[in-house]
Structures are given as C-alpha cells and as structure tokens.
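Below: the structure, in structure tokens.
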Amino acid sequence: MQGLSVLGATGSIGFNTLDIVRRHPDKYRVISLSANQRVAQMHQLCLEFKPQTVVMVDSQAAEQLKLKLMESGDHQIQVLQGQQALIALVREPQVDIVMAAIVGASGLLPTLEAVKADKKVLLANKEALVTSGQIFIDALHDSNATLLPIDSEHNAIFQCLPKPMQKGIGSAHIKDNGISKVLLTGSGGPFRTLPLEQFNAITPAQACAHPNWDMGRKISVDSATMMNKGLEFIEAKWLFNLSPDDIQVVLHPQSTIHSMVQYKDGSVIAQMGNPDMRTPIAHAMAYPQRIDAGVEPFDFFRCQNFEFGEADFERYPNLKLAIEACRAGQGACTALNAANEVAVEAFLQEQIKFTDIACINADVMQQFKDTDIDCIDGVLQLDSQARHAAVVLVETIKERI
Ligand code: NDP
Ligand code: MG
C-alpha cells in the first residue's frame, strides 16, 4: 500500500488520478489533498477518500471547508491553508507518491520540495520545470527522488526509451543510447484549419473546446495557441537531457500517437492509445508495473487515418517563441511562462483578444531574456517581474479596446 498526496486534487489531472485510486484501493491510500479555492469539489473528495490532511491555499476557502466538514461530521480531517502548508504537506513520512498537478508556476515550490524529500514525484505541472530548468534537475540529482512524467507526450517518450535512459532521467544521453531524435506530437488544437483572419474573434469558450482532450482552462488555451507544445518542448529538453535540435514537433491531429523516439538504425518507436490521461497517470503510479486504468482498449478497426504535418509558425507564434526561449536560456523561459500565465488569464477574463497573447508573450520575453538565473529566489524574482510587465501590457491593451 502506497501513500499518495495529490496537489491540485480538484483539477482535471487530480480527478483522473483519484479515479485510478478508486480502481485500486488495495494499492493506493490518499494521505493528503490540496487545491486553491474550489470548496464544494474538495468537500466531496474528503467524503470519498478520507485524507488525513487537506490544504486549501486560499484562506477563506480553508475556513469554508472546515465548516462543511463539521456539518458533515468529518472531524478527523485536518484542514490547513497557504503555500507553506502545501510545502509541509509533501514532506510527510506517510507520503510515498506526490502527484504534482497544480496549474502554473504556483506549483514550483511544493513540487521541488517533494523532490528534495525523496518522494516518487509524478510531474504534470510542466510550468514548474519550465520556470526552473537546471535548478530543478540539480535538485533531482542531489536527491533520492524518482521523477516520472505525466504529460502524455513525455510519458510516451519515456515509455519508448531504453531502460538506461528511463533510469537516468534528466542526465542520461540520447547519443549513448542509439537515439537520433525525439518526436513530440501535437494535435494542433481547435484552430488548426481556421482561417488566420478569424483568429482575432476567437472566444474563450471556443479556445477551451479541445477536439481530443478534456483539460483545465489554462492548458486548453495553451493547446489552442500551441504554447502548450512550446512548454512541452522545454519540458522535454530537461527531462530527457536534450538539445533543442534533438526535438522535432510533429502535428498529428488524431492524438492517437502520443509521441515517438527515432533511433539511429531507422526504427521509430511510438506510444499510442486512446487520448485519456488515465493511461500516463496509471503508468507512472504503478511504474515499473502495469495496472488497469479504466481506459477503453484501442480499436484499430474503427480508427481514422493517421495524419502528420509540420506546425506553421504564422498560425502558432507562441510555439515559435517557446522554441526561441529554449535556445535563449532560463531567463527567457521563466519570463515567457510568467507572461503567458498572465496573458491567458486576461484572455479568459475577456480583457484581451486571443491574438494579444502572443504579442504580450513576445514583448515580455524580449525584456527579460538575458536575465541570468542560478537559484530559486532568482526564478521567483524574475517570475514576479515578468508578471508585472505582462499586467502593464494587459492594462494598455484594455484601454485600447
Ligand atoms: P486544472 O485547472 O483543471 O486544475 C488545477 C488545480 O490546481 C486545481 O486543483 C486548482 O485548485 C489548483 N490550483 C490552481 N491555482 C493554485 C495555486 N495558486 N496554488 C495551489 N493550487 C492551485 O488544471 P489541469 O488539471 O488541467 O492541469 C494541471 C497541470 O497539469 C498543469 O500544469 C497542466 O499543464 C498539466 N497537464 C494537464 C493535462 C490535462 O489533461 N489536464 C495534460 C498534461 C499536463 P482549485 O480547483 O481550487 O482552483
Ligand atoms: Mg501534453
């Protein structure tokens, strides 16, 4: 029986993780859960999974949850609030596995703490790795933690890698393992064929309606702009110790192949299946074993054609920016991620247009791309400066609209 802590339990990845737990009560026990402010969802999870501790980062939400738990007669569950409580949560000795599924750079400190506490860390929160890069990987190497990717592409790549590379995540070399390229697939999102002149009028509801995956709102917008693939490009660089030239983005609208590894001898190994996040989550939770994830078996007789193509940077300027950031260095990556979080939120609040996201991202990245970062305080400082610069740009655009 392994003890589990789910950070971001009320989100899409949290929901899918807890579905795996529900199917395997003999293997996993929920020790702790965390969220920001969705109290009703967290209350339901408390009733079902009976965690020992819950952290609501938002203090009002924590008070409301305490009241609700008293009303429902659940007096044993400890409810805490704030970032510090989140960080303490992952250190608990009963916790063996930490699912890092907070959205955005807010997940960085607790995820890093889980690594330092030698846990088995399941990384969904790609922004944590994008914003801190080498610092995160160094912390991993200084610890006895195990890091496993949850992002479907990175989990697919991991599955296609030889054992020495799986064991040496973040440090083993593809060149020593007969690999020539990592092929990162992406569907192209809901606007793959939309005429470019209509991009200005895209609404948040349209951007959040992904054709193949059901996800949280931020990553859904990132998928529509393909910033998600850009963040994944940077994530792949760190997880698999790659240079930007080792990674190729391949459009694959059906999302059946979740990514591939190309070997020197011409072989291409792909991981495929139905687009259901329970597959990578179950893979990582049980690794190196395999368990039932409740996913429909793939039906080859009903599958559509497999299509492949190249991503067009005019349609997806955010993907271009992220690849440039990956080449430029940590300052560019941290600033780009922060700007993007602000711009996406402003788009979701209908304060800016869909096409403004890339303009804000480009401007902020340009301002901070030469900043050197060598410690976590440096990451946090740049993150906050870049957010501030992005907010200023949002305000300027709002005045124009
Ligand atoms: P959701 O928006 O569905 O969920 C986010 C979770 O994080 C919620 O539990 C939310 O709490 C919590 N949260 C939000 N802000 C904070 C904060 N400041 N401090 C602490 N907790 C916070 O996102 P997803 O589940 O879709 O995505 C989570 C992560 O996984 C992202 O990094 C995403 O890129 C990655 N990912 C997601 C995939 C997917 O299929 N959804 C696929 C691959 C990667 P509350 O509900 O209270 O707001
Ligand atoms: Mg992904």
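The basis for the numbers below is simple: all heavy atoms, side chains too, and nothing from hydrogens, waters or symmetry mates. As the structure lists them, so they are numbered: ligands from 1, and atoms in each ligand from 1. If you're wondering where the values come from, they're calculated on a predicted model, not measured in any experiment.
We find that R327 and E324 are not joined by a salt bridge, their nearest charged nitrogen and carboxylate oxygen being 4.0 Å or further apart. The existence of a salt bridge linking D74 and K50 is confirmed by a sub-4.0 Å separation between a basic side-chain nitrogen and an acidic carboxylate oxygen. Using a 4.0 Å cut-off between a side-chain N of Lys or Arg and a carboxylate O of Asp or Glu, K119 and D96 do not qualify as a salt bridge.
The neighbour count for D372 CG, taken as heavy atoms of other residues, nucleotides or ligands under 6.0 Å away, does not exceed 12.
F354 and F199 have perpendicular rings, their planes meeting at more than 60° on a 0 to 90° scale where under 30° would count as parallel.
Closer than 4.0 angstrom to ligand 1 by heavy atom are G8, A9, T10, G11, S12, I13, A35, N36, Q37, R38, V57, A101, I102, V103, S106, A124, N125, K126, E127, D151, M215, G216, I219, M277, sorted by chain and number.
Between the side chain of K229 and the backbone N or O of N318, no donor-acceptor pair lies under 3.5 Å.
In this structure, CZ on F347 lies 9.5 Å from OG1 on T225, to the nearest 0.5 angstrom.
I291 is listed as a side-chain neighbour of I20, based on a closest heavy-atom distance under 4.5 Å.
Under 3.5 Å, the side chains of T355 and N200 contain a donor-acceptor pair of N or O atoms.
Of all protein N/O/S atoms, those lying under 2.8 Å from the Mg ion (ligand 2) come to 3.
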